[in-house]
Amino acid sequence: EKNDDYLNGVSTLDIILIQKHILGQELLQSPYQMIAADVTSDNNITAVDLIEIRKLILGINDEFTNSGSWKFVNSDQELTTINPWLYDQTRVIADLDTDASGEDFIGVKIGDVNGNAQASLNTQEIDRRNDNVEILFEDKYVTEGELVEVILSSDRSDIYGYQFTMDLTGLEVQDVTGEGVTKENIAIHSNMMTMSYGQLLPIANSELLSLTLKATNDGQLSEMLSLSNKITRSEAYVGTSLQEVNIDLRGGQEVGQFALYQNEPNPFADQTVIGFDLVKDGKATITFLDVTGKVLKVVEGDYNKGYNEVKINQREINASGMIYYKLDTEENTATRHMIVID
């Protein structure tokens with residue numbers, strides 16, 4: 001038996017694949033996938049299994065109620081998808097008086113139907129394509145006690161699902177709404193919110209979620225909201241192949257609008273990246289100034305509509321402490337500050 005790390009290999013992508021099987025849209029192809037999907041150990045695959053998996057992903061439960069983390073199936077059995085429930089988890093060796101070789105089992109990670117669990121510390125994690133989903137929200141300054149609506153949007157039309165841990169600094173969740181989203185998709189933890197949502201068709205609405213938050217401190221939303229992998233790994237599933245990609249959360253203006261983002265990392269001692277969105281193709285200038293207004297560096301260029309990035313080294317600025325950076329285009333301007341460490 002092996003009953004540690006129940007979340008190993010388990011994600012919202014597994015929920016989507018099991019949903020497809022239950023509805024007959026795309027059946028699981030092996031008896032071992034079906035055994036993995038039956039987390040309630042009742043020899044059936046139903047919506048109850050989905051509920052158990054989602055509670056694990058959201059961090060509500062840290063194990064399955066009626067199943068261990070792994071099952072080990074006698075490798076001599078010839079199981080089929082017609083009736084996978086005949087599996088045997090034992091082997092019998094009579095009169096053990098010599099070495100018993102070839103007494104093998106097939107390990108099945110419960111909840112993991114797409115087979116990406118790491119079986120040991122030596123297992124290499126599957127590489128992801130160089131792709132990501134950008135989720136944007138309108139940045140603003142909030143004051144203690146203020147109720148604010150934060151709409152998370154994306155301009156991608158091929159998102160089938162997503163999951164994440166959202167870190168909340170000085171913010172409390174009051175309500176969460178979205179296309180098809182229910183309270184079963186969300187869990188609230190101390191200073192964090194976890195989310196798991198997937199469906200069989202691409203999400204039609206560019207507004208993925210609407211959060212009603214209460215500020216418990218004054219601050220800038222972009223500095224109070226962030227994504228992490230602390231409880232639920234932050235990722236999305238895109239395209240008909242349900243490719244797993246990373247999520248970038250950016251506070252700026254509405255999708256498709258002009259925006260200047262906080263540099264990452266911040267503070268920094270070597271190199272940082274500044275991201276910005278342009279309404280249309282054109283020239284843009286980024287000016288770096290110290291607290292007295294002295295110009296330290298100017299970066300000019302032709303950039304494309306949408307998201308762009310500029311990398312800056314500390315030696316290019318040749319200063320430390322608080323530095324302001326200003327983005328100017330023909331029609332718009334925006335300013336932020338960053339911290340440079342010696």
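All residue numbers refer to positions in the sequence shown, counting from 1.
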Side-chain donor-acceptor contact under 3.5 Å, [X] with [Y]:
X: Q163; Y: T12; value: yes
X: T81; Y: Q29; value: no
X: D139; Y: S222; value: yes
X: Y307; Y: E309; value: yes
X: T46; Y: N44; value: no
X: E149; Y: S210; value: yes
X: S228; Y: D167; value: yes
X: D342; Y: S320; value: yes
X: T212; Y: D175; value: no
X: D328; Y: T333; value: yes

Linking I/L/V/M/F/W/Y whenever any side-chain heavy atoms sit under 4.5 Å apart, do [X] and [Y] land together?
X: L227; Y: V181; answer: yes
X: V133; Y: L225; answer: yes
X: L28; Y: Y237; answer: yes
X: I286; Y: I312; answer: yes
X: L208; Y: I16; answer: no

Per the side chain to side chain donor-acceptor pair (under 3.5 Å) rule, what does the pair list look like for residues 178-190, sequence neighbours excluded?
T182-N185, H189-T194

Given side chain to side chain donor-acceptor pair (under 3.5 Å), test N132 with D248 step by step and report yes or no.
CA-CA 7 Å; N132 69 298; D248 288 336; 2.7 Å; yes

Salt-bridge test for [X] and [Y]: reply yes if a basic N is under 4.0 Å from a carboxylate O, no otherwise.
X: E146; Y: K140; result: yes
X: D277; Y: K305; result: no
X: D302; Y: K283; result: yes
X: E1; Y: K71; result: no

Would the number of heavy atoms belonging to other residues, nucleotides or ligands and lying under 6.0 Å from [atom1] of [X] be above 12?
X: K297; atom1: NZ; answer: yes
X: K214; atom1: NZ; answer: no
X: I82; atom1: CD1; answer: no

For the backbone of [Y] and the side chain of [X], can you confirm whether one donor and one acceptor N or O come within less than 3.5 Å of each other?
X: Q199; Y: P202; answer: yes
X: T272; Y: P265; answer: yes
X: D14; Y: I18; answer: no

Is the F64-Y6 ring centre distance short of 6.0 angstrom?
yes

Heavy atoms only: give me the nearest D62-L56 pair and the separation to one decimal.
C-CD1, 3.6 Å

In short, W85 meets N43 closest at the heavy-atom pair NE1-O, 3.2 Å

Regarding R336 and the six-membered ring of Y325, is the cationic atom NZ or CZ under 6.0 Å from the ring centre and inside 45° of its axis?
no

Side-chain hydrophobic cluster, 4.5 Å single linkage: members besides L27
none

Test side chain to side chain donor-acceptor pair (under 3.5 Å) on S101 and D99; report intermediate values, then the result.
CA-CA 6 Å; S101 60; D99 290 344; over 6 Å; no

Once you round to the nearest 0.5 Å, how far does [atom1] of [X] lie from [atom2] of [Y]?
X: I247; Y: E235; atom1: CD1; atom2: CD; result: 7.5 Å
X: E264; Y: M338; atom1: CD; atom2: CE; result: 13.0 Å
X: N74; Y: L86; atom1: CG; atom2: CG; result: 12.5 Å
X: I274; Y: N308; atom1: CD1; atom2: CG; result: 12.5 Å

Aromatic ring pairing Y162/F164, orientation class (parallel under 30°, perpendicular over 60°, tilted between)
parallel

Return the orientation label for the Y303 and F276 ring planes: parallel under 30°, perpendicular over 60°, tilted otherwise.
perpendicular

For N191, check side-chain contact (heavy atoms from CB on, under 4.5 Å) against everything at least two apart and list the hits.
none

Yes or no on salt bridge (charged side-chain N to carboxylate O under 4.0 Å, His left out) for E134 and R156, after CA distance, side-chain angles and deciding distance?
CA-CA 8 Å; E134 290 183 2; R156 292 191 65 148; over 6 Å; no

